Amino acid sequence: MRESYQKLGNYIQPVVGRNTELRDIPLMGLSINKVFFPSIANTIGTNMGTYRIIKRNQFGYGPVTSRNGEKITIALFKDHDEALISQAYTPFEVKDKNKLDPEYLMMWFRRPEFDRYARFKSHGSAREIFSWDEMCDVMLPIPSIEKQREIVAEYQAIEQRIQINQKLIEKLEETAQAIYREWFVEFENYESTFLEEYIETNPKLELKKGELTSYIEMANLSETSMCINGKTERGYQGGSRFQNEDILLARITPCLENGKTAFVNILNPNEVAAGSTEFIVMRAKKNISPYWVYCLAKDDEFRAYAISSMIGSSGRQRVHEKYLEEYSLPKIDPQNMIDFHKSARPIFETVKLKSKENQKLTELKELVLAKMAQSG
DNA sequence: ATAATTGTTCACGAGGCAGA
DNA sequence: TCTGCCTCGTGAACAATTAT
């Protein structure tokens with residue numbers, strides 16, 4: 001270990017104090033994603049006096065590491081001036097912010113190496129604990145405060161760009177949806193037809209058992225955008241099959257209700273990929289824009305129809321694609337479709353570009369974290 | 001007979017409670 | 001503080017049934 005590595009214990013101290021006055025301030029939880037969020041605890045009948053109080057720029061962590069996916073629950077609190085957290089978490093703070101920058105320390109905690117370290121250093125029989133003493137024994141590079149702030153600024157700049165892209169993607173999706181509504185929903189046409197005239201569901205595609213293919217699981221789908229984040233390679237063993245420009249619609253509780261729908265654009269041309277058994281693949285028929293299919297799949301009216309037609313018992317309800325094909329909608333003017341496709345294309349292309357850019361930026365972020373080990 | 005669809009169960013991650 | 005346990009959500013495996 002380098003000489004410039006320092007013992008964390010010299011820079012931090014625990015925070016004491018319980019909610020004995022039963023104050024009415026926000027109750028927060030924290031997760032292995034290393035963020036605070038509004039707590040999901042059921043606190044009816046709970047004695048809130050035992051809860052701990054955490055203040056802005058203090059940290060909280062969960063000493064229990066053995067049941068959290070090889071990760072440690074730790075986050076820097078910035079959402080409010082003060083909040084309550086469960087007694088299960090240990091709050092602590094940096095003694096002197098001019099010697100150790102809290103944001104810089106949080107960056108160190110975000111490193112995957114720190115997760116592994118915390119797990120490795122956990123001990124106990126029934127439950128493995130990363131104790132306060134172990135936390136104090138953590139060694140990390142602590143350069144000058146100026147250098148720390150420089151590193152933090154670099155990291156935050158990347159984060160900001162990701163957020164800007166994310167916002168842009170959201171706006172673009174809204175725009176696409178607005179164009180769709182204007183042209184196809186508010187469009188007056190009293191002649192109606194069924195969806196099967198325009199789309200094909202679960203098109204037949206060949207994949208051999210055991211063949212190595214790209215695989216997209218439910219977790220890769222976003223609830224808010226068309227972008228698919230990540231894929232894996234594995235031998236084909238069943239499930240849905242699709243290609244670029246197909247639309248994936250999650251058909252099972254609660255993924256459908258949550259809006260998990262994707263526009264496939266991350267495959268190679270002509271590549272056939274596999275995915276979760278719980279996707280319905282929607283494909284545009286001849287002369288129909290795949291962009292239109294995506295917008296339809298995200299349309300409130302269509303989604304309400306899909307949700308209302310879910311069947312199955314024991315809480316695991318699914319949509320049947322036959323029902324989707326029977327969805328009734330106004331007949332589409334072919335010229336309208338051509339014009340819509342032209343208008344929507346730049347939107348979808350930009351979303352694809354920005355989503356790719358964000359993947360690169362995310363890699364870059366990880367690189368900045370990895371680099372910290374050399375900054376001492 | 002085989003594939004596709006539908007129903008059921010299982011495991012377990014994650015967040016947290018509460019008594020000793 | 002320690003630790004036994006609860007609850008909810010969810011993906012996936014497995015089983016049963018139906019279609020081809």
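Throughout, protein chains are lettered first and strands after them, A, B, ... in sequence-line order, and every chain is numbered starting at 1. The model shown is predicted, which means the values in this text are computed figures rather than measured ones.
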Give the nucleotide from the list [options] with an atom nearest to the side chain of [X].
X        : options                : result
A/Ile32  : C/dA12, B/dA18, B/dG15 : B/dG15
A/Arg251 : B/dG16, B/dT6, C/dT1   : B/dT6
A/Glu217 : C/dA12, B/dG16, B/dG15 : C/dA12
A/Gln87  : C/dA12, B/dG16, B/dA18 : B/dA18

Let me know the distance between [atom1] of [X] and [atom2] of [N], rounded to the nearest Å.
X        : N      : atom1 : atom2 : value
A/Ile252 : C/dG9  : CD1   : P     : 14 Å
A/Arg119 : B/dG13 : CZ    : P     : 11 Å
A/Tyr215 : C/dA12 : OH    : C1'   : 9 Å
A/Phe279 : B/dT5  : CZ    : C1'   : 18 Å
A/Tyr89  : C/dT1  : OH    : C1'   : 16 Å
A/Asn33  : B/dG15 : CG    : P     : 7 Å
A/Asp133 : C/dT1  : CG    : P     : 12 Å
A/Met218 : C/dG9  : CE    : C1'   : 13 Å

Return the minimal non-hydrogen interatomic distance between A/Leu205 and A/Gln243, and the atom names on each side.
->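 The answer is CD2-OE1, 3.5 Å.
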Assign A/Ser276 to base, sugar-phosphate, or nothing according to its heavy-atom contacts below 4.0 angstrom with the strands shown.
->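 Contact class for A/Ser276: none.
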Contact class for A/Glu278 vs. all strands (heavy atom < 4.0 Å): base, sugar-phosphate, or nothing?
->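 Result for A/Glu278 = nothing.
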Output yes when A/Lys331 and A/Glu197 qualify as a salt bridge under the 4.0 Å nitrogen-oxygen rule, no when they do not.
->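 Yes, this pair counts.
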Between A/Lys371 and A/Glu154, is the closest basic N to carboxylate O distance under 4.0 Å?
-> yes
With no hydrogens and no angle check, do the side chains of A/Ser225 and A/Glu170 hold a donor and an acceptor under 3.5 Å apart?
-> no
Chi angles and distances behind the salt bridge (charged side-chain N to carboxylate O under 4.0 Å, His left out) call for A/Glu146, A/Arg149 = CA-CA 5 Å; A/Glu146 291 79 19; A/Arg149 286 172 183 157; 5.8 Å; no
Could you tell me whether the phosphate oxygens of C/dT1, OP1 or OP2, come under 4.0 Å of any side-chain nitrogen or oxygen in A/Arg52?
->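 Answer is yes, contact under 4.0 Å.
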